[in-house]
Structures are given as structure tokens and as C-alpha cells.
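Single-structure report; data block below.
Computation of the quantities below employed the complete heavy-atom set of this structure, encompassing side-chain atoms and omitting hydrogens, waters and symmetry-equivalent molecules. Order of appearance sets the numbers: ligands from 1, and atoms from 1 within every ligand.
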Amino acid sequence: MQRIVVIGAGHASGQLLDSLRRAGSEAHITLVGEESWLPYQRPPLSKKFLSGELTAERLAFRPESFYEKHQIHTRLSCRAVSIDRDIQTVSLAGGETLAYDLLALTTGTRVRELAIPGAELAGVHYLRGIDDALGLQADWQGRDNVCVIGGGFIGLEVAASARTLGKNVTVVEMMDRLMARAVSPGMSEYFLGLHTRNGAHVMCSTGVSELLGTDGRVSGVRLSDGREIPTDVVVVGIGVVPNQELAQEAGLACDNGILVDEFARTSDPKIVSAGDCTNHPNSLLGRRLRLESVHNALEQAKSAAASLMGEKLAYAQVPWFWSDQYNSKLQMVGLSEGFDRAVQRGNPDEDKFSLFYYRGDVLIAIDSVNRPGDHMPGKKLLAAGISPTPEQAADPEFPLKSLL
Ligand SMILES: Cc1cc2nc3c(=O)[nH]c(=O)nc-3n(C[C@H](O)[C@H](O)[C@H](O)COP(=O)(O)OP(=O)(O)OC[C@H]3O[C@@H](n4cnc5c(N)ncnc54)[C@H](O)[C@@H]3O)c2cc1C
């Protein structure tokens, strides 16, 4: 019987396993995951989970019975430490080896760590997995002051959850605006206003030079201009790095992620890879990129499963992403980087608007706040390469669907 080993139990692996069995794969499948949880949804961790509206049990990608029913052998709390491609084995941290005929790498990313004095103090948190979220929840209970370092999606979602729980929140961001890597200046400005209105103190263009401690626990943050902010808890959200070392040490081609083709195949024909850890081509965008999104993990995993089945399903989709902060749902489709014109539709003062981004006459992305009616047809317009005129985009009554 063919043996498939999947390393990394996250979003991409959950989809990959589902797709394999749906396609009729009868392979002996082993899932190796270093966390103690079966594949689960990470997005709620910084949102409804942290604010106490969802429990860990509700996050599972598939119930435990799915793995039993489909005879998927799970090896949790178990880290894969090396791959020997010549004899096709994976070594696990305990010394055991697993033989494979085909291998899937869905190792995701890990948090970038703060490299300043005091970073090791108790009360300093990162957020990647359920265990991190449980640790943060337990730690900030009964503590009022939270300092979030990093004004990206995760930092801002944590800030919104903390404000919802009534905590005093300070966000410190090094760049001159929020979420600068992902959204336009217009959208950054809206979110700065949103957080400020909700009572968070946001400091942009501000670096952090040291975390200050008392008796081994964080008690303050020293900013690069010398000012000090007293705090009880620090949450660091300064980005992630791809888990590519396993692949790299096995001699697979890597460059800011594991290099794969549009069929999720690595440089070894017996190994596929999908999700946050890959650097992949996107024919719609005409370039390679690494994405950190659920949509990417799920869709690329379908291509990886097809490749494992000896079929070909090209992954070529317009990227999309979402973020929930307070009552504002941001939905993004396409990549706005490099736009030369942003057209506003709707009214930011009513927390309902979209920005349509153009390069020349071509629509390249849409960011919407509480306007799913723009996001949904927008996805289809971008996939089909159809651009509404800027006048049509600016008119909230113009039916975008009519262009499809
Ligand atoms: C707090 C938070 C909020 C988010 N919010 C959103 C959102 O709103 N929208 C959105 O689109 N995306 C969001 N994301 C991103 C999204 O969760 C990721 O893009 C997605 O999880 C990627 O899936 P993946 O399978 O590639 O990697 P992951 O889900 O990270 O899974 C990888 C798994 O592999 C394991 N692993 C790594 N190396 C090894 C090894 N050597 N041996 C064994 N196991 C290993 C890791 O521990 C991990 O469990 C969020 C992420 C976080 C952390």
C-alpha cells in the first residue's frame, strides 16, 4: 500500500487530507504535527476566541471522528526533525523514522521573535496557536494594561479583543501607519481612527528598544525615543517566518519559502508542499509570492492533493483575506501594492466603504469594510480581469454584478 506522510497539522494539511480521501486515495496516511491539536482554524484565535466567545473545541477543522473514519494515523505533539530523500524516510524527534512513498510539507510559519533586552520576561506573549491564546487569556485575566508591539493584522485584532474586554491598550508600530505591508494609506487611516475611537492608544513611527521587568515579569516598555510605557502584559505581533528548514536541510529548493510550481510540487517529484510555507507562482499576478492566508492554504492544498493522486490541478487564484476588528470586517481581494489610483465607494464615517485600486485603467484589488456586496462580485471581476470604470466603482448604487 502506498504510504503518504504529511508533516504539519494546520489548515493546509486539514484540506489536503480531506481532498485526498474525497478523491478516493486508499494510501496509508500519517499526519505528523508538533502541536497537541488536530488541524484547527487559527483566525478566531485573535478574534472571538481571545474575547471569550469561542472555545478551543469549536476551532477544529474536522472532528476527531473524521480521522478515525478515514483511517488517518495522527502523530500529535511530535516534531519531524529531518527528511532523508534517498531512502524516503522522515525522522521524528523521539528517534523513530517513518517511511514514505510520497510526502507533503505543510509546515506553515512561526512567529518572528523580538530581539531586544527583556524579550524573555514573563508576561511577554506571541500568538500563533491555541496554546499561545490560552496562555495569553490566562495571563491577562485580572491585569488591566496591555501593550501590543506591532500594528499589523494580528496585533490590531488582539488590541480590539483586549479593548472589548475593557483593558487599557497601547499599540506601538514602527512604520508610519498601521498594516502598512498589506493595505493602502487610506485604509490605514480608517483603522487608526477606528482604534482611536474605541479607546486604544496607537503610536506609529515608534520603535521599542527594551522591555523592562520587575521580579522577572514585564512591567514596562522602553520606546526608542527613551519614553517608558508601564504595562502588565506585552503581546508581540511583528510578523512570521516560513518553516522551511526541514525542506532546506533535505536539499529542496527554498527562497523565502519552499519553492513549488503551480501544482504544489517541490523540486523533488515525490514531495509536495502547500500553505504559508510555500513560495509559489501565480499566473494571474504574473509573479511568485508567499502568502499567509487561509484561502491560500486551502486552495493550494487542493492542488497538492491532486498532484499526490497523479493528477494536475493548477493553483491560480486571486488572493483574498479578511480581518475583524471591533465591528468592522475588512475583506481584501487582490493585492493593492503598486496601485496609482484609489476610488472610494461608500462612506468611511458610516464604517461601510470600499477602496477600489487601479493601476492605469486596470482594477488590481478591492478592500472593503462592512461591504460584502462589493467583495463578493469583486472577487469574480478580478478573476475574470474585468475592470469597472472608476465612475462605476465610485457609485455605491452601481450593480457590480451586472459587469459579470
Ligand atoms: C492569530 C491568527 C489570526 C489569523 N487570522 C487570519 C484571518 O483572519 N484570515 C486569514 O486568511 N488568515 C489568518 N491567519 C493566517 C492563517 O491562519 C494561516 O495562513 C494558515 O493557518 C496557514 O495554514 P498552514 O497549514 O500553511 O500553516 P499552519 O496553520 O501554521 O500549520 C502548520 C503546522 O505545522 C506544524 N509544524 C511546523 N513544523 C513542523 C515539524 N517539523 N514537525 C511537525 N509539525 C510541524 C506547526 O506547528 C503548525 O501546527 C491568522 C493566523 C493567526 C496565527
- Message: Counting C-beta onward and ignoring hydrogens, is there a side-chain heavy-atom pair between H11 and P43 closer than 4.5 Å?
- Response: yes

- Going by heavy atoms, is K47 under 4.0 Å from ligand 1? yes

- Relative to atom 48 (C) of ligand 1, which among E292, R42, Q244, H11 owns the nearest non-hydrogen atom? R42

- Message: With heavy-atom distances below 4.0 Å as the criterion, list the atoms of ligand 1 near E35.
- Response: 47 (O), 48 (C), 49 (O)

- Query: Do E299 and S303 get their side chains close enough for a donor-acceptor pair, meaning under 3.5 Å?
  - Reply: no

- Task: Output the list of atoms in ligand 1 that are nearer than 4.0 Å to some heavy atom of G108, sorted by atom number.
- Result: 26 (O), 27 (O), 30 (O), 32 (C)

- Message: What I'd like to find out is whether the side chain of D374 reaches to under 4.5 Å of the side chain of R345, using heavy atoms alone.
- Response: yes

- Item | Close-contact set for ligand 1 against A9 heavy atoms, below 4.0 Å | 33 (C), 34 (O), 49 (O)

- Query: What part of C78, side chain from CB on, backbone N/CA/C/O, both or neither, has a heavy atom under 4.0 Å from ligand 1?
  - Reply: backbone

- Numbered atoms and elements of ligand 1 in range of S293, under 4.0 angstrom, heavy atoms: 11 (O), 12 (N), 19 (O)

- Query: When only distance counts, is F321 in polar contact with ligand 1, meaning an N/O pair under 3.5 Å?
  - Reply: no

- Message: Considering both backbone and side-chain atoms of A12, is one of its nitrogen or oxygen atoms within less than 3.5 Å of a nitrogen or oxygen in ligand 1?
- Response: yes

- When you measure from the side chain of T89 to the backbone N and O of Y100, does any donor-acceptor pair fall under 3.5 Å? no

- Nearest-neighbour protein heavy atom for atom 43 (C) of ligand 1, which is reported as residue plus atom name and distance: E34 N, 3.4 Å

- Note on the structure: If you scan protein heavy atoms around atom 37 (C) of ligand 1, the nearest is T107 O, 3.2 Å

- Query: Which residue and non-hydrogen atom of the protein lie closest to atom 1 (C) of ligand 1, and at what distance in Å?
  - Reply: S46 OG, 3.5 Å

- atom 22 (C) of ligand 1 sits nearest the protein heavy atom D276 OD1, 3.1 Å

- Working for salt bridge (Lys or Arg N to Asp or Glu O under 4.0 Å), residues D139 and R217: CA-CA 11 Å; D139 197 39; R217 184 176 174 93; 2.9 Å; yes

- Query: Can you find an N or O of V294 that's nearer than 3.5 Å to an N or O of ligand 1?
  - Reply: yes

- Item | Close side-chain approach of F356 and L363, heavy atoms under 4.5 Å | yes

- Which ligand 1 atoms does G275 reach within 4.0 Å, using its non-hydrogen atoms? 26 (O)

- Using a heavy-atom cut-off of under 4.0 Å, does the side chain or the backbone of N243 touch ligand 1, or both, or neither? side chain

- Message: Once ring-ring contact (aromatic ring centres under 6.0 Å, His included) is applied, what residue pairs with a partner in residues 131-168 remain, sequence neighbours excluded?
- Response: F153-F321

- Query: Is there a donor-acceptor pair closer than 3.5 Å between any side-chain N or O of S25 and the backbone N or O of A27?
  - Reply: yes

- Note on the structure: For T106, the ligand 1 atoms with a heavy-atom partner under 4.0 Å come out as 32 (C), 33 (C), 34 (O)

- Determine whether the side chain, the backbone, both or neither of D324 has a heavy atom under 4.0 Å from any heavy atom of ligand 1. neither

- Got the closest protein heavy atom to atom 35 (C) of ligand 1, with its distance? G8 CA, 3.7 Å

- Task: For ligand 1, find out whether one of its N or O atoms is nearer than 3.5 Å to an N or O atom of H295.
- Result: no

- Message: Just so I know, are the side chains of R62 and Y67 near enough to count as touching, which here means a heavy-atom distance under 4.5 Å?
- Response: yes

- Message: Is there a side-chain contact between D351 and R197 in this structure, where contact means two heavy atoms from C-beta onward sitting under 4.5 Å apart?
- Response: yes

- Nearest option to atom 7 (C) of ligand 1, as decided by whichever heavy atom of Y40, F61, Y126, W322 sits closest: W322

- Item | Of the listed options G10, A93, P319, closest to atom 31 (O) of ligand 1 (non-hydrogen atoms) | G10

- Query: With side chains defined as the heavy atoms from C-beta onward, is the minimum distance between L330 and S368 less than 4.5 Å?
  - Reply: no

- Item | Side chain, backbone, both or neither: N296 near ligand 1, heavy atoms under 4.0 Å | neither

- With heavy atoms only and a cut-off of under 4.0 Å, state how A80 meets ligand 1: side chain, backbone, both or neither. both

- Closest to atom 50 (C) of ligand 1 by heavy-atom distance, out of P43, S323, P242, is P43

- Has R359 got its NZ or CZ under 6.0 Å from the middle of the six-membered ring of Y357, at an angle within 45 degrees of the ring axis? no

- Query: Quick check: does any side chain N or O of T278 sit under 3.5 Å from a backbone N or O of A274, one acting as donor and the other as acceptor?
  - Reply: no

- Thinking salt bridges, do R163 and E157 make one under a 4.0 Å N-O criterion? no

- Query: Does a sphere of radius 6.0 Å around CG in D215 hold more than 12 heavy atoms from other residues, nucleotides or ligands, not counting ones at 6.0 Å or beyond?
  - Reply: no

- Message: With a heavy-atom distance limit of 4.0 Å, tell me whether P39 approaches ligand 1 through its side chain, its backbone, both, or neither.
- Response: neither

- Indicate yes or no: at least one non-hydrogen side-chain atom of N256 is less than 4.5 angstrom from one of P242. yes

- Message: I want to confirm something. Looking only at heavy atoms, which of R128, Q41, R110 is nearest to atom 30 (O) of ligand 1?
- Response: R128

- Residue selection (non-hydrogen contact nearest atom 2 (C) of ligand 1) among I154, L330, L45: I154

- Item | Stepwise ring-ring contact (aromatic ring centres under 6.0 Å, His included) check, Y326 with H195 | CA-CA 8 Å; Y326 307 101; H195 280 269; 4.8 Å; yes

- Query: Does an N or O from S13, backbone or side chain, lie closer than 3.5 Å to an N or O of ligand 1?
  - Reply: no

